[in-house]
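Everything numeric in this text was worked out from a predicted model, so none of it was measured. Letters go in sequence order (proteins before strands), and every chain restarts at 1. Values below: all heavy atoms of this structure, side chains included; hydrogens, waters and symmetry mates excluded.
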Amino acid sequence: MLVDVNNFYVSCERIFNPRLRDVPLLVLSNNDGCAVARSNEVKALGVKMGTPWFKIQDLARQHGIIAYSSNYTLYASMSDRAVTILRDICPDLEVYSIDESFLRVEKIALHYGGIEAMSHAIRDRMQRDLSLPVCCGCGPSKTLAKLANHLAKKNPEFNGVCDLNSLSKSERLRWMSRIDVGEVWGIGRRLAERLRVLNIRTVLDLRRADPKQMRAGFGVVMERTINELRGVSCLSLEEVEPPRKQIIVSRSFGRPVKALSELRESVSTYTARAAEKLRAQASIAAAVHVFIHTNPFKENMPQYSASKSIALANPSDDTRELIAAAQHALTALYRPGYAYKKSGIMLIGLSDKSIQQRSLFDDESQRSRSSQLMTAIDRLNRDYGRDTVTWGSAGIARHWSMRAENRSPRYTTRWSELPIVH
DNA sequence: TCTGGGGTCCTAGGACCC
DNA sequence: TCTGGGGTCCTAGGACCC
């Protein structure tokens with residue numbers, strides 16, 4: 001079963017601010033760039049996912065669309081609560097994204113008197129405990145559960161719940177013949193285009209294609225997708241989240257940045273954040289990759305885009321070493337005279353900290369001091385809030401930082417931002 | 001003024017080994 | 001006329017997901 005929150009970010013904003021409930025509401029990407037979540041009212045006005053905010057503003061004024069900056073602290077916190085509830089109902093669970101989980105339900109559903117009853121129990125509980133609307137889709141493979149979820153979401157007659165197993169075969173095929181092939185999980189824009197050339201236009205067309213033959217033309221992923229559509233499960237439930245293989249932190253700037261000193265602050269800030277994530281999953285990085293670029297949408301401005309990797313002498317999770325490497329890369333990349341729009345860093349070549357290869361000149365005492373220092377800093381920042389202890393090179397004023405002009409309070413994670421009831 | 005951020009997997013091709 | 005067979009590792013690029 002796939003459980004998916006409807007319009008997740010928008011729904012989070014509505015929990016603590018009931019005034020937002022019946023108005024057209026948008027949530028914008030970082031830097032207030034484009035629409036990443038839309039209420040049903042906004043979808044009805046024809047606003048597409050990813051539309052730049054400045055292109056919607058006239059429409060917004062006409063129809064009273066309200067736009068919020070994204071509040072990832074709130075969304076992550078609500079996501080954690082949702083997963084806690086789902087795990088309580090069904091422990092065989094894979095967290096697939098911030099607002100979706102796959103559940104293995106065949107046994108547990110029996111206690112609820114079937115999948116449909118279980119689905120409604122999930123919907124009621126999410127509504128009652130979190131004020132979050134969800135849809136449940138169920139099928140014999142992940143791809144079919146995804147498809148069922150799509151049906152539940154788009155067709156009111158399903159009432160938010162669709163179990164493909166409970167439909168007759170002819171009903172299943174009829175629904176499949178009505179859905180565009182591009183809606184299938186794993187079929188993106190490019191593949192959908194290529195499939196249409198072969199006259200494969202609907203989910204049913206794809207289901208009828210020959211898996212072996214399609215593998216030759218499209219690769220193994222396509223073969224799996226077709227088999228999954230036929231009810232042959234090829235993708236397993238991944239209950240334990242594997243550690244990340246790379247960690248990226250990057251942001252667009254709130255305004256164009258020209259000075260190397262400001263780029264340096266941004267790169268240190270992002271590296272420090274990436275290093276925290278690295279330590280949180282008990283990994284070390286073998287190399288640091290830095291990139292900077294100008295605004296590609298400004299076609300009449302001089303463009304520059306560059307990136308560079310620096311390998312560390314010894315894989316590390318020490319913010320000081322990672323920042324030093326990142327700054328070294330930035331020095332090599334920087335060209336004066338450009339208006340930079342974005343910088344970012346990647347930690348790559350990640351491996352488990354507990355099995356690290358030491359070098360001939362390794363200094364055990366230094367290494368242990370480094371670990372203790374990083375642990376202490378992480379704990380201070382966790383207990384007393386981000387940036388309680390910060391890095392000098394990351395700057396203080398940070399005039400380059402991203403725009404977020406209408407962010408809601410962090411209702412669930414800050415004492416000072418708790419909602420107040422009058 | 002103005003267009004996000006963070007990931008994964010697969011494949012082809014090159015370089016190299018014996 | 002005419003130049004093997006079997007393998008690994010790495011990287012870049014393309015596709016996808018939310």
Side-chain angles (χ1 to χ4, degrees), chain A residues 2 4-9 26-37 47-58 60 67-72 75-76 79 94-102 142-143 146 149-150 181-195 215-225 228 234-235 238 241-257 266 270 273-274 277-278 281 286-287 289 291 293-299 301 307 309 311 339 341-350 401-405:
Chain A
L2 179 71
D4 176 320
V5 184
N6 305 344
N7 313 334
F8 180 54
Y9 298 168
L26 265 184
V27 175
L28 299 172
S29 65
N30 271 333
N31 216 29
D32 293 346
C34 41
V36 293
V47 176
K48 298 273 176 276
M49 183 75 168
T51 312
W53 172 227
F54 72 89
K55 289 187 180 172
I56 314 171
Q57 277 176 6
D58 285 342
Y68 271 73
S69 307
S70 32
N71 181 349
Y72 286 102
Y75 311 149
S79 177
E94 170 187 342
V95 178
Y96 174 63
S97 76
I98 194 163
D99 73 325
E100 290 168 86
S101 291
F102 284 106
K142 281 182 162 179
T143 305
K146 271 275 200 184
N149 193 283
H150 174 84
V181 71
E183 299 291 344
V184 174
W185 190 40
I187 307 294
R189 199 165 44 86
R190 305 293 169 107
L191 284 174
E193 237 167 72
R194 288 177 58 199
L195 288 171
R215 177 179 183 150
F218 293 87
V220 67
V221 178
M222 178 65 80
E223 182 189 26
R224 282 203 281 257
T225 297
E228 285 247 318
C234 306
L235 305 169
E238 316 230 346
E241 197 179 335
R244 299 261 166 269
K245 295 175 177 176
Q246 54 182 33
I247 290 170
I248 303 178
V249 176
S250 71
R251 295 281 183 280
S252 296
F253 301 128
R255 55 164 178 74
V257 165
S266 72
Y270 304 157
R273 179 72 194 114
K277 295 188 191 182
L278 183 71
Q281 65 167 33
H289 184 84
F291 62 89
H293 63 77
T294 51
N295 187 344
F297 294 103
K298 300 256 184 190
E299 285 167 15
M301 296 277 282
S307 67
S309 296
K341 177 64 177 169
K342 184 173 182 175
S343 72
I345 82 115
M346 290 169 67
L347 300 180
I348 53 184
L350 306 192
S401 59
M402 69 176 186
R403 273 189 303 269
E405 289 177 354

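- The side chain of A/Ser250 approaches B/dG5 more closely than any other nucleotide in the set C/dC17, B/dG5, B/dC2.
- Counting non-hydrogen atoms under 4.0 angstrom, A/Arg244 reaches the backbone sugars and phosphates but no base.
- At a cut-off of 3.5 Å, with distance as the only test, no side-chain donor of A/Thr225 or A/Glu228 sits close to an acceptor on the other residue.
- Out of C/dC18, B/dC2, B/dT8, the shortest distance to the side chain of A/Asp99 is found at C/dC18.
- At a threshold of 4.0 angstrom between heavy atoms, the contacts of A/Asn30 are confined to the sugar-phosphate backbone, with no base atom among them.
- Side-chain N/O atoms of A/Ser252 include one lying less than 4.0 angstrom from OP1 or OP2 on B/dG5.
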Sub-3.5 Å pairs of nitrogen or oxygen atoms, protein against nucleotides 13-15 of chain C:
residue	atom	partner	partner atom	Å
C/dA15	OP2	A/Arg190	NH1	3.1

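- As judged by a 4.0 angstrom heavy-atom cut-off over every strand, A/Gln246 is placed among the base-contacting residues.
- Going from atom CZ of A/Phe54 over to atom P of B/dG4 covers 10 Å, rounded to whole Å.
- Among the atoms of the strands shown, only primed sugar atoms or phosphate atoms (P, OP1, OP2) are found under 4.0 Å from some heavy atom of A/Ile187.
- As rounded to whole Å, 10 Å separates atom C1' of B/dG4 from atom OH of A/Tyr9.
- Between the side chains of A/Asn71 and A/Ser69, no donor-acceptor pair of N or O atoms lies under 3.5 Å.
- Secondary-structure stems of DNA chain B, taken as three or more successive Watson-Crick or G-U wobble pairs (i with j, i+1 with j-1) under a 3.5 Å distance threshold, comprise B:5-18 with C:5-18.
- Atom OH in A/Tyr75 sits roughly 17 Å away from atom P in B/dG4 (whole-Å rounding).
- Among the protein residues, A/Arg215 comes within range of no part of the nucleic acid, since none of its heavy atoms lies under 4.0 Å from any strand.
- Of the listed nucleotides (B/dC2, C/dC17, B/dT11), C/dC17 has the atom at the smallest distance from the side chain of A/Tyr96.
- Here A/Lys342 does not reach the OP1 or OP2 of B/dT3: none of its side-chain N or O atoms lies under 4.0 Å away.
- Among the protein residues, A/Val27 comes within range of no part of the nucleic acid, since none of its heavy atoms lies under 4.0 Å from any strand.
- One interatomic measurement links the two molecules: CD of A/Gln57 to C1' of B/dT1, which rounds to 10 Å at whole-angstrom precision.
- Between A/Phe8 and A/Tyr75, the shortest heavy-atom contact is CZ-O, 3.5 Å.
- Within the 4.5 Å cutoff, no side-chain heavy atoms of A/Arg244 are placed close to those of A/Leu278.
- For the pair A/Glu223 CD and B/dT11 P, the interatomic distance rounds to 10 Å; values are reported in whole Å.
- Residue A/Asn295 is in sugar-phosphate contact alone, with no base atom involved, counting any heavy-atom pair closer than 4.0 Å across all strands shown.
- A/Ile98 comes within contact range of no nucleotide atom at all, as no heavy-atom separation falls under 4.0 Å.
- The aromatic rings of A/Tyr72 and A/Tyr9 sit perpendicular, their planes meeting at an angle over 60°, well past the 30° parallel limit.
- Residue-to-nucleotide proximity on DNA chain B shows that, of A/Val220 and A/Ser29, the 5′-proximal contact is made by A/Ser29.
- Rounded to whole Å, the separation between the C1' atoms of C/dC17 and B/dG4 comes to 15 Å.
- When the side-chain nitrogen and oxygen atoms of A/Arg403 are compared with OP1 and OP2 of B/dG4, none of them lie within a distance under 4.0 Å.
- Side-chain contact check for A/Asn295 versus A/Lys342: every heavy-atom pair is 4.5 Å or farther apart.
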